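Working notes for the structure below.
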Amino acid sequence: MQDVLAFLRTHLESIYSRDWETYQSTTSPDLTLYEHFVTPHRQEGLDFHKFMIENSWATQGATSHISILEPKVQMLAAGQVAVCSYTLMLSTVRGDVIHHRSVNESRVLEQREGKWWVVHVHKSPAGGHDAS
């Protein structure tokens, strides 16, 4: 399970560091996701996230740090599928103030030919969504 958590951290850090190449190399082209703070509808594919990553939407260019709190990995399908659930805390620095934003996430990973891919994401609000 440590390899799954290491993969997850690499994948998540690519989002917040604007590393499109790593994000694309860890995310299935047929990705499906629900992001409550963007739209109440399912999104599909990578185009939306390419736009968001290239424009630094998640951090708005601020210095940032991610924390993966209380991670749980459930292995399914003889180890070919991993369901990762956790609370993601994003800390950003703006001026002299550190802001924290949290969201509960589940990411479904599928192993294809020995490599993990994120195939589905579901986000829901966490308490204290923006505690400055």
Side-chain angles (χ1 to χ4, degrees):
M1 282 194 225
Q2 291 303 318
D3 66 319
V4 171
L5 291 173
F7 169 86
L8 177 66
R9 175 162 289 282
T10 297
H11 169 76
L12 291 170
E13 286 179 351
S14 74
I15 296 167
Y16 298 98
S17 66
R18 297 178 62 195
D19 181 354
W20 171 249
E21 287 190 26
T22 298
Y23 180 81
Q24 188 177 23
S25 74
T26 59
T27 310
S28 177
D30 62 352
L31 173 73
T32 56
L33 62 142
Y34 288 99
E35 292 183 318
H36 70 281
F37 51 89
V38 176
T39 181
H41 305 282
R42 183 184 66 244
Q43 299 171 62
E44 297 183 8
L46 300 180
D47 290 342
F48 171 76
H49 276 155
K50 182 175 187 196
F51 173 79
M52 301 304 264
I53 287 170
E54 287 178 344
N55 289 282
S56 192
W57 174 77
T59 64
Q60 298 168 354
T63 301
S64 66
H65 174 78
I66 62 168
S67 299
I68 302 169
L69 307 174
E70 300 177 345
K72 179 175 175 113
V73 177
Q74 297 167 278
M75 301 301 293
L76 307 171
Q80 296 301 298
V81 174
V83 177
C84 303
S85 57
Y86 51 91
T87 298
L88 178 72
M89 185 172 69
L90 173 65
S91 302
T92 55
V93 178
R94 290 194 180 88
D96 293 337
V97 180
I98 297 177
H99 297 268
H100 305 284
R101 215 173 53 212
S102 296
V103 64
N104 294 320
E105 296 189 355
S106 296
R107 290 184 189 251
V108 179
L109 286 52
E110 180 184 22
Q111 194 169 65
R112 300 176 186 162
E113 298 177 9
K115 183 179 182 308
W116 287 110
W117 294 90
V118 175
V119 297
H120 180 74
V121 177
H122 193 112
K123 298 182 180 190
S124 60
H129 188 70
D130 186 6
S132 298

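The analysis underlying the following values was restricted to heavy atoms, covering all of them including side chains, and did not include hydrogens, waters or symmetry mates. Predicted, not measured: the structure shown is a model, and the values here were computed from it.
Remark: the backbone N or O of Thr87 is not paired with any side-chain donor or acceptor of Asn104 at under 3.5 angstrom. Counting only distance, with no hydrogens or angles, the side chain of Arg18 and the backbone of Glu54 share a donor-acceptor pair below 3.5 Å. Put simply, the side chain of His120 gets close to the backbone of Thr32: a donor and an acceptor are under 3.5 Å apart. Remark: the backbone N or O of Gln24 is not paired with any side-chain donor or acceptor of Thr27 at under 3.5 angstrom.
Cluster membership check: Leu31 does not share its hydrophobic cluster with Val83, using side-chain heavy-atom separations under 4.5 Å among Ile, Leu, Val, Met, Phe, Trp and Tyr. Tyr86 and Val119 are assigned to two separate hydrophobic clusters, defined by single-linkage of ILVMFWY side chains at heavy-atom distances under 4.5 Å.
Side-chain contact check for Glu105 versus Leu12: some heavy-atom pair is nearer than 4.5 Å. A heavy-atom distance below 4.5 Å is found between the side chains of Glu35 and Phe48.
Counting non-hydrogen atoms of other residues, nucleotides and ligands closer than 6.0 Å to NZ of Lys115 gives a total above 12. Atom CZ of Arg42 is surrounded by 12 or fewer heavy atoms from other residues, nucleotides or ligands within 6.0 Å.
Between the CH2 atom in Trp116 and the CD atom in Gln111 there is a gap of 4.5 Å [rounded to 0.5 Å]. We find the CG-SG distance between Leu109 and Cys84 to be 5.0 Å, quoted to the nearest 0.5 Å. Atoms CD and CZ, from Gln80 and Arg112 in turn, are 11.0 Å apart once rounded to the nearest 0.5 Å.
With sequence neighbours left out, Glu21 forms a salt bridge (charged side-chain N to carboxylate O under 4.0 Å, His left out) with no residue at all.
Taking the six-membered ring where tryptophan is involved, the planes of His49 and Tyr23 are perpendicular, since the angle between them exceeds 60° and thus also 30°.
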